[in-house]
Number of protein chains: 2
Amino acid sequence: MAVSEARPIKRPEALPTEVARLLRAAIEQGQFRPGEQLPTQQALGDTYGVSRSVIREAVSLLKSDGLVISQQGRGQFVNPEGSSVFRLDADIEDANSLPSLIEFLVSVESQAAGHAARRRTTAQLAEITQCLDALSAAIANQSDGIAEDLQFHRAILAATQNEYFIGFGDFLEARVRGLIRTARMNTARQDGLVYQVQQEHEAIHAAIAAQDAEAAQHAAQQHLQNAAARLRGYRANQTP
Amino acid sequence: MAVSEARPIKRPEALPTEVARLLRAAIEQGQFRPGEQLPTQQALGDTYGVSRSVIREAVSLLKSDGLVISQQGRGQFVNPEGSSVFRLDADIEDANSLPSLIEFLVSVESQAAGHAARRRTTAQLAEITQCLDALSAAIANQSDGIAEDLQFHRAILAATQNEYFIGFGDFLEARVRGLIRTARMNTARQDGLVYQVQQEHEAIHAAIAAQDAEAAQHAAQQHLQNAAARLRGYRANQTP
DNA sequence: TCGTTTGAACTTGTATGATAACCTGACACG
DNA sequence: CGTGTCAGGTTATCATACAAGTTCAAACGA
């Protein structure tokens, strides 16, 4: 067996990241209250024993998370509104959190399918239909159809006409679907699995075409749960 | 009427933010391909006409978004995996995106209620029950019950035993629910509205207690949609 | 007394140069 | 051919200086 675990070694965190972690912890533990002024960059540099540049980068990270606000000439403050951005770093590798992530993905996307069925324009339906056809063609051509599959799901998300579904689903798709696809390719290309998958796609499409939100939601949920099950089956075989 | 809109004036973006914006745009437009090496910090500083400090902070932001990877001694590269973090800055003030945000919130939380019903332990049910009782007590005491309301929904999220639902729901709760609550307080404290809300809460609780996922999902959806409707009604009156 | 102005002191933002840590590739050496 | 060494380039960090903005109180004038 080859050494497939030849991943780059994990480096120690850079200083600004580390300082940002400490500062964030201090804020979340209430060491600095919302709206309160933080120590000056100079002072922080002294307490942590690093230069002001490092402090600046660390604070800059917290600012981008909306946790801290700074004003030239005044100082730096804990955002009284609380963090205004949600940050999700999906660690696909972590086998423990993967089931939860997939469950979340299924929930969001099945709801999206429901909204899409309710709200899709005829143009959007045509778009989805076209994607489905492209997917069929890809299957007939023995190609992997990965790009087409992604496009199909994207088209459904677009039909929700909700920027949050589009953005969030897009992200989860990109992160999780890669896993599912490789699983599908490696398990069984020949034994009709692709046709089953395509049938699931067609069920979703039909429901959206009929503007049947309940059915669309259900079909999407079924499809994604099946995909997750296929992934689990593949993984179980890989790491005995 | 008081000047309640005493928000700090909008300043022009700081340099690092601006540079980060440009760099991100350049990457997303394919000007730098995934895996490709970016120009050196020195070179970037020259092209944008800013100092290396500014470039460093800008790149640091992109790094925290997982869009760029930098290695000491080697250079900076566009992350070939694509961005690994999802970033959502919910702009509550933007009236255009608010309906979409609420729809998203409803979708996620109603699904969460379903999972909670399916999976809650007896201890978690007890927790939820306790929150509901506390809410009743708050209503009887003429207190606003905001804290209790938040706790109630938090307890439901916790019962999903899914970190993503907990984290994401928590975030959306914190951002959106504030709006809904103020609306509720300002519209009608006397005309039995609080009792209707409490009945909706009780419906959710009952379904979770009965481990009826469908009913829980439905009750939560109903409750949140009603809340959104109440918010709309309030807003319509405010800004004629 | 009251309001205004002025300026010093402080804070964040930016620029600059230097040094340390690290990587790469070429070259000499065995 | 394999190996060690070294020069050059790159990022990481530090130190310092100055620019830009804020605060606050004292000085000033009516």
Side-chain angles (χ1 to χ4, degrees), chain A residues 6-24 26-27 32-80, chain B residues 6-24 26-27 32-80:
Chain A
R7 315 208 308 104
I9 64 175
K10 198 189 296 180
R11 294 174 181 289
E13 288 290 355
L15 283 185
T17 320
E18 188 66 14
V19 172
R21 209 177 51 75
L22 292 174
L23 276 178
R24 167 176 276 117
I27 291 175
F32 302 109
R33 322 229 43 122
E36 190 177 330
Q37 180 168 13
L38 292 174
T40 69
Q41 294 174 350
Q42 187 69 50
L44 286 175
D46 291 344
T47 65
Y48 287 115
V50 296
S51 79
R52 214 185 122 205
S53 320
V54 171
I55 297 293
R56 280 194 57 78
E57 265 195 44
V59 170
S60 164
L61 293 180
L62 298 186
K63 277 194 294 187
S64 87
D65 277 5
L67 202 63
V68 165
I69 293 175
S70 74
Q71 279 173 272
Q72 184 174 149
R74 267 173 47 82
Q76 313 166 131
F77 307 84
V78 179
N79 188 347
Chain B
R7 314 208 307 105
I9 64 175
K10 200 186 293 183
R11 297 172 179 289
E13 289 290 354
L15 283 186
T17 320
E18 188 63 15
V19 171
R21 209 176 51 77
L22 293 175
L23 276 178
R24 164 175 278 118
I27 290 175
F32 302 108
R33 325 234 31 129
E36 188 178 331
Q37 180 168 10
L38 292 175
T40 70
Q41 294 174 351
Q42 188 70 53
L44 285 176
D46 291 346
T47 65
Y48 287 115
V50 297
S51 79
R52 215 187 124 206
S53 323
V54 170
I55 296 293
R56 279 195 58 78
E57 267 197 41
V59 170
S60 164
L61 293 179
L62 299 186
K63 278 194 293 187
S64 87
D65 277 4
L67 201 64
V68 166
I69 294 175
S70 75
Q71 280 173 275
Q72 183 174 160
R74 266 173 47 82
Q76 311 166 134
F77 306 85
V78 179
N79 188 349

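Each chain gets a letter, A, B and so on, in the order its sequence line appears, and its residues count up from 1.
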**Asked** So how far is it from A/S51 OG to A/R56 CZ, rounded to the nearest 0.5 Å?
**Response** 11.0 Å
**Prompt:** What are the two closest heavy atoms between B/G35 and B/F77, and how far apart are they?
**Reply:** O-CD2, 3.8 Å
**Request:** Name every residue in residues 57-65 of chain B that has at least one heavy atom under 4.0 Å from any atom of DNA chain D, in order of residue number, or write none if there are no such residues.
**Result:** B/K63
**Item:** Qualifying residues under side-chain hydrogen bond (donor to acceptor under 3.5 Å, both in side chains), relative to B/T17, sequence neighbours excluded
**Value:** none
**Complete:** Heavy-atom closest pair (A/A58 atom, A/A20 atom, distance to 0.1 Å) is CB-N, 3.7 Å
**Message:** Let me confirm one number: the CD1-OG distance from A/I55 to A/S60, rounded to the nearest 0.5 Å.
**Reply:** 12.5 Å
**Request:** Going by the side-chain hydrogen bond (donor to acceptor under 3.5 Å, both in side chains) test, name the single residue among A/Q41, A/Q37, A/E36 that passes it with A/Q76.
**Result:** A/Q41
**Outermost nucleotides of DNA chain C that come under 4.0 Å of a non-hydrogen atom of chain B** = C/dT14 to C/dT24
**Message:** Tell me which residues in residues 36-51 of chain A lie within less than 4.0 Å of DNA chain C, going by non-hydrogen atoms.
**Reply:** A/T40, A/Q41
Return all side-chain donor-acceptor pairs below 3.5 angstrom for residues 61-68 of chain A, not counting sequence neighbours, or 'none' if the list is empty.
unit_1	atom_1	unit_2	atom_2	d
A/K63	NZ	A/S70	OG	3.4
A/S64	OG	A/L61	O	2.9
A/D65	OD2	A/R24	NH2	2.3

**Prompt:** Which of these passes side chain to side chain contact (heavy atoms under 4.5 Å, CB included) with A/V54: A/V59, A/L15, A/L44?
**Reply:** A/L15
**Considering all heavy atoms, the nearest B/P34-B/P80 contact** = CB-CA, 4.0 Å
**Asked** Looking only at side-chain N and O atoms, does B/S70 come under 4.0 Å of OP1 or OP2 in D/dA12?
**Response** yes
**Asked** What are the residues of residues 71-78 of chain B, sorted by number, that bring a heavy atom to within less than 4.0 Å of DNA chain D?
**Response** B/Q71, B/Q72, B/G73, B/R74, B/G75, B/Q76
**Prompt:** Does the side chain of A/Y48 reach to within under 4.5 Å of the side chain of A/L23, using non-hydrogen atoms?
**Reply:** yes
**B/R52 CZ - D/dT10 P separation (whole Å)** = 11 Å
